[in-house]
Chemist: 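There's a structure below that I have some questions on.
A quick note: this is a predicted structure, and the numbers were derived from the prediction, not measured. Order of listing sets the numbers, starting from 1, for every ligand and every atom in it. We number each residue from 1, following the sequence as shown. Both backbone and side-chain heavy atoms feed into the values below; hydrogens, waters and symmetry mates do not.
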Amino acid sequence: MLILVAACVLVDDAGLVLITKRPEGKPLAGLWEFPGGKVEACETPEHALIRELDEELGIDVAAPALTPLTFASYTYPAFHLLMPVYLCRHWTGEVAANEGQDLAWVRPEALTAYAMPPADEPLKQILPGLLGLSGDF
Ligand SMILES: Nc1nc2c([nH]c(=O)n2[C@H]2C[C@H](O)[C@@H](COP(=O)(O)OP(=O)(O)OP(=O)(O)O)O2)c(=O)[nH]1
């Protein structure tokens, strides 16, 4: 089974990236991830992400502010994850932990210090380079 999850690398003015901790009771609990979630039927990945960022973090993101950055593709025991990852540098509102989740703003090079789902391992390695080349979207 293929599961489509949209995720976002939110980058603030200082170049820090937001990661959030998966809460207890969910699969992969306690691991840090990029905000996002499953794309529902009849939703585009962009609209799923805009919805999740509003629900999880209370921020408004406009579709043009989402730039395709990279993707993850990983086989978990129960499904195969395909995860388009977008870059977002512009949003309105203050980032808040709407679901009580832990949040961390980290330097891209420091992502390797955080335990993340196995699907995210390659992303940790390539993000510093990708963000260094990504310009000012
Ligand atoms: N958001 C996000 N999900 C990730 C990442 N890496 C990774 O393996 N995943 C996996 C974990 C989950 O199996 C899946 C996301 O599903 P989820 O259950 O959190 O999505 P959701 O917010 O729609 O949750 P729910 O409605 O089912 O509770 O993608 C990541 O960096 N960000």
Side-chain angles (χ1 to χ4, degrees):
M1 182 179 42
L2 188 67
I3 296 265
L4 183 61
V5 170
C8 190
V9 175
L10 282 177
V11 182
D12 73 3
D13 291 342
L16 302 179
V17 169
L18 182 72
I19 51 176
T20 67
K21 202 182 218 180
R22 291 183 64 81
E24 292 308 315
K26 275 197 164 192
L28 305 170
L31 299 182
W32 293 88
E33 68 178 7
F34 299 106
K38 295 192 191 91
V39 179
E40 306 291 348
C42 303
E43 240 182 359
T44 65
E46 291 81 5
H47 283 119
L49 203 41
I50 289 167
R51 174 180 55 72
E52 294 277 359
L53 293 171
D54 177 33
E55 288 172 7
E56 294 176 3
L57 301 172
I59 57 171
D60 281 327
V61 174
L66 293 172
T67 306
L69 185 65
T70 184
F71 68 96
S73 179
Y74 186 83
T75 302
Y76 285 110
F79 60 91
H80 186 90
L81 173 75
L82 185 60
M83 186 173 77
V85 179
Y86 294 79
L87 171 66
C88 180
R89 293 183 186 273
H90 303 292
W91 60 87
T92 56
E94 294 292 319
V95 169
N98 273 2
E99 297 173 346
Q101 70 278 44
D102 287 343
L103 308 178
W105 290 96
V106 306
R107 286 185 298 109
E109 312 81 51
L111 286 170
T112 48
Y114 290 80
M116 297 182 78
D120 295 55
E121 284 301 322
L123 303 179
K124 287 179 174 178
Q125 307 301 325
I126 62 168
L127 267 180
L130 284 178
L131 293 176
L133 297 171
S134 66
D136 183 25
F137 290 108

Chemist: Just to verify, what does Pro118 make a side-chain contact (heavy atoms from CB on, under 4.5 Å) with, not counting sequence neighbours?
Modeler: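 Scan of Pro118 (side-chain contact (heavy atoms from CB on, under 4.5 Å), adjacent residues dropped) gives Tyr74, Tyr76.
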Chemist: If the criterion is any heavy atom closer than 4.0 Å to an atom of ligand 1, which residues make the list?
Modeler: Val5, Arg22, Lys26, Leu28, Glu33, Phe34, Gly36, Gly37, Lys38, Glu52, Tyr76, Phe79, Leu81, Met83, Pro117, Ala119, Asp120
Chemist: Lys124: which residues meet the salt bridge (Lys or Arg N to Asp or Glu O under 4.0 Å) condition with it, sequence neighbours left out?
Modeler: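 Partners of Lys124 by the salt bridge (Lys or Arg N to Asp or Glu O under 4.0 Å) criterion, ordered by chain and then number, come out as Glu121.
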Chemist: Would you say the side-chain atoms of Gln101 pair up with the backbone N or O of Glu99, donor to acceptor, closer than 3.5 Å?
Modeler: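 The answer is yes, because a donor-acceptor pair under 3.5 Å joins these two groups.
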Chemist: Got a sec, which residues hit salt bridge (Lys or Arg N to Asp or Glu O under 4.0 Å) with Arg22, two or more places apart in sequence or on another chain?
Modeler: Glu33
Chemist: Inspect the surroundings of CD in Glu94 and state if more than 12 heavy atoms from other residues, nucleotides or ligands are less than 6.0 Å away.
Modeler: no
Chemist: Are side-chain heavy atoms of Arg107 and Leu16 found at a separation under 4.5 Å?
Modeler: yes
